[in-house]
Amino acid sequence: GIHKSTDGGETWHKLTEGLPEGAMGKIGLAVSPQNSDIIYATIELKNKSGGFWRSTDRGRSWEKMSDYLSGGTGPHYYQEIFASPHKFDRIYQMDVHLHVTENGGKEFTKMDSKTKHVDHHAMIINEQNGSIWIGNDGGLYNSTNFGDSWIHYNNIPTGEFYDIELDAENGKKRPESSQRIKKLA
């Protein structure tokens, strides 16, 4: 389920209005950087079903936007979502192929190039210049044009990326607003 705290984690209450009833599997959550009232959720349900939900009131109520669910081996493996700091209602979904929605989850399109590896698990978006960093089973990739083309950093010995962190400046402490992601097994 999805739970919310308004007192720094001292107490929690389960959110239910508009969400599926019964057991939920893995859930990916993201908050809109443009409007913190908007929350996105990709939710796994039984039998590899589920979909994409959106809340406009900080989670009090939810609307199902689509049946889109990450593919491959199922949502139990991919379920991370990232809201763009540059365009409202653009959300990136980690999956075998990288997917993006431009309309809050109603429709998703594949945004992979033929030269980029598959099995995406980690993403970081530079809020200042729009650069996107992707970690996948093929290593580390960067796009400076919102995913139209990708640079593969194949000159470093890497394996599968499940965790990426962006340093604001070499060796300096990251600002609190910087993003950090981690794949939880």
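Quantities reported herein were computed from a predicted structural model and do not represent experimental measurements.
One finds no salt bridge joining Lys110 and Asp95 here, because no Lys/Arg side-chain nitrogen approaches an Asp/Glu carboxylate oxygen to under 4.0 Å.
Side-chain contact between Asp137 and Val118 is absent, with no heavy atoms from C-beta onward closer than 4.5 Å. With a 4.5 Å cut-off on side-chain heavy atoms, Phe88 and Ile38 count as touching. Side-chain atoms of Trp150 and Ile132, non-hydrogen and from C-beta on, do get closer than 4.5 Å to each other. Proximity of Ile43 to Leu45: side-chain heavy atoms (C-beta onward) are separated by under 4.5 Å at one or more points. Using a 4.5 Å heavy-atom cutoff, the side chains of Met111 and Gln93 are not in contact. Contact of the Met94 side chain with the Met123 side chain is registered, since non-hydrogen atoms from C-beta on lie closer than 4.5 Å.
Across all their heavy atoms, Gly28 and Ile81 have their closest contact at O-CD1, 3.5 Å. Considering all non-hydrogen atoms of both residues, Ser143 and Phe146 come closest at OG-N, 3.6 Å. Shown here for Ala83 and Ala30, the closest heavy-atom pair between the two residues is N-CB, 3.9 Å. Closest of all the heavy-atom pairs between Met24 and Pro20 is CE-O, 3.5 Å. Contact record, Asn142 with Ser131: ND2-OG, 2.5 Å, taken as the closest heavy-atom pair. Of all heavy-atom pairs spanning Ser5 and Thr11, the tightest one is OG-O, 2.9 Å.
When the side-chain contact (heavy atoms from CB on, under 4.5 Å) test is applied to Asp37, the partners found at least two apart in sequence or on another chain are Asn35, Arg58. Not counting sequence neighbours, the partners of Glu63 by the side-chain contact (heavy atoms from CB on, under 4.5 Å) test are Met65. Residues satisfying the side chain to side chain donor-acceptor pair (under 3.5 Å) criterion with Ser32, sequence neighbours excluded, are Gln34.
Ser84 contributes no side-chain N or O that, together with a main-chain N or O of Ile91, makes up a donor-acceptor pair within less than 3.5 Å. Panel note: side chain His120, backbone Val96; a donor-acceptor pair is recorded below 3.5 Å.
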Quick one: do Ser55 and Asp57 satisfy side chain to side chain donor-acceptor pair (under 3.5 Å)? Show the steps, please. CA-CA 6 Å; Ser55 172; Asp57 55 10; 3.0 Å; yes

Could you check Arg54 against Asp89 for salt bridge (charged side-chain N to carboxylate O under 4.0 Å, His left out), going step by step and ending with a plain yes or no? CA-CA 10 Å; Arg54 184 176 183 265; Asp89 265 354; 3.2 Å; yes

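Residue His3 holds its NE2 atom at 8.0 Å from CG of Leu15, rounded to the nearest 0.5 Å. Here the straight-line distance linking atom CD1 of Ile151 with atom CH2 of Trp133 works out to 7.5 Å at 0.5 Å rounding. The distance from atom CG of Leu98 to atom CZ of Phe82, rounded to the nearest 0.5 Å, is 10.0 Å.
Enclosure of atom NZ in Lys4 by more than 12 non-hydrogen atoms of other residues, nucleotides or ligands within 6.0 angstrom is indicated.
Here the rule is side chain to side chain contact (heavy atoms under 4.5 Å, CB included) with Trp53, and of Ile27, Thr42, Leu29, Leu19 only Leu19 fits it.
Pairs engaging residues 9-23 under the salt bridge (Lys or Arg N to Asp or Glu O under 4.0 Å) rule: none recorded [sequence neighbours left out]. Applying the ring-ring contact (aromatic ring centres under 6.0 Å, His included) test to every pair with at least one member in residues 9-44, sequence neighbours left out, gives no pairs at all. Judged as a ring-ring contact (aromatic ring centres under 6.0 Å, His included), the pairs with a partner in residues 89-110 (not counting sequence neighbours) are, in order, Phe52-Phe108, Tyr68-His99, Tyr68-Phe108.
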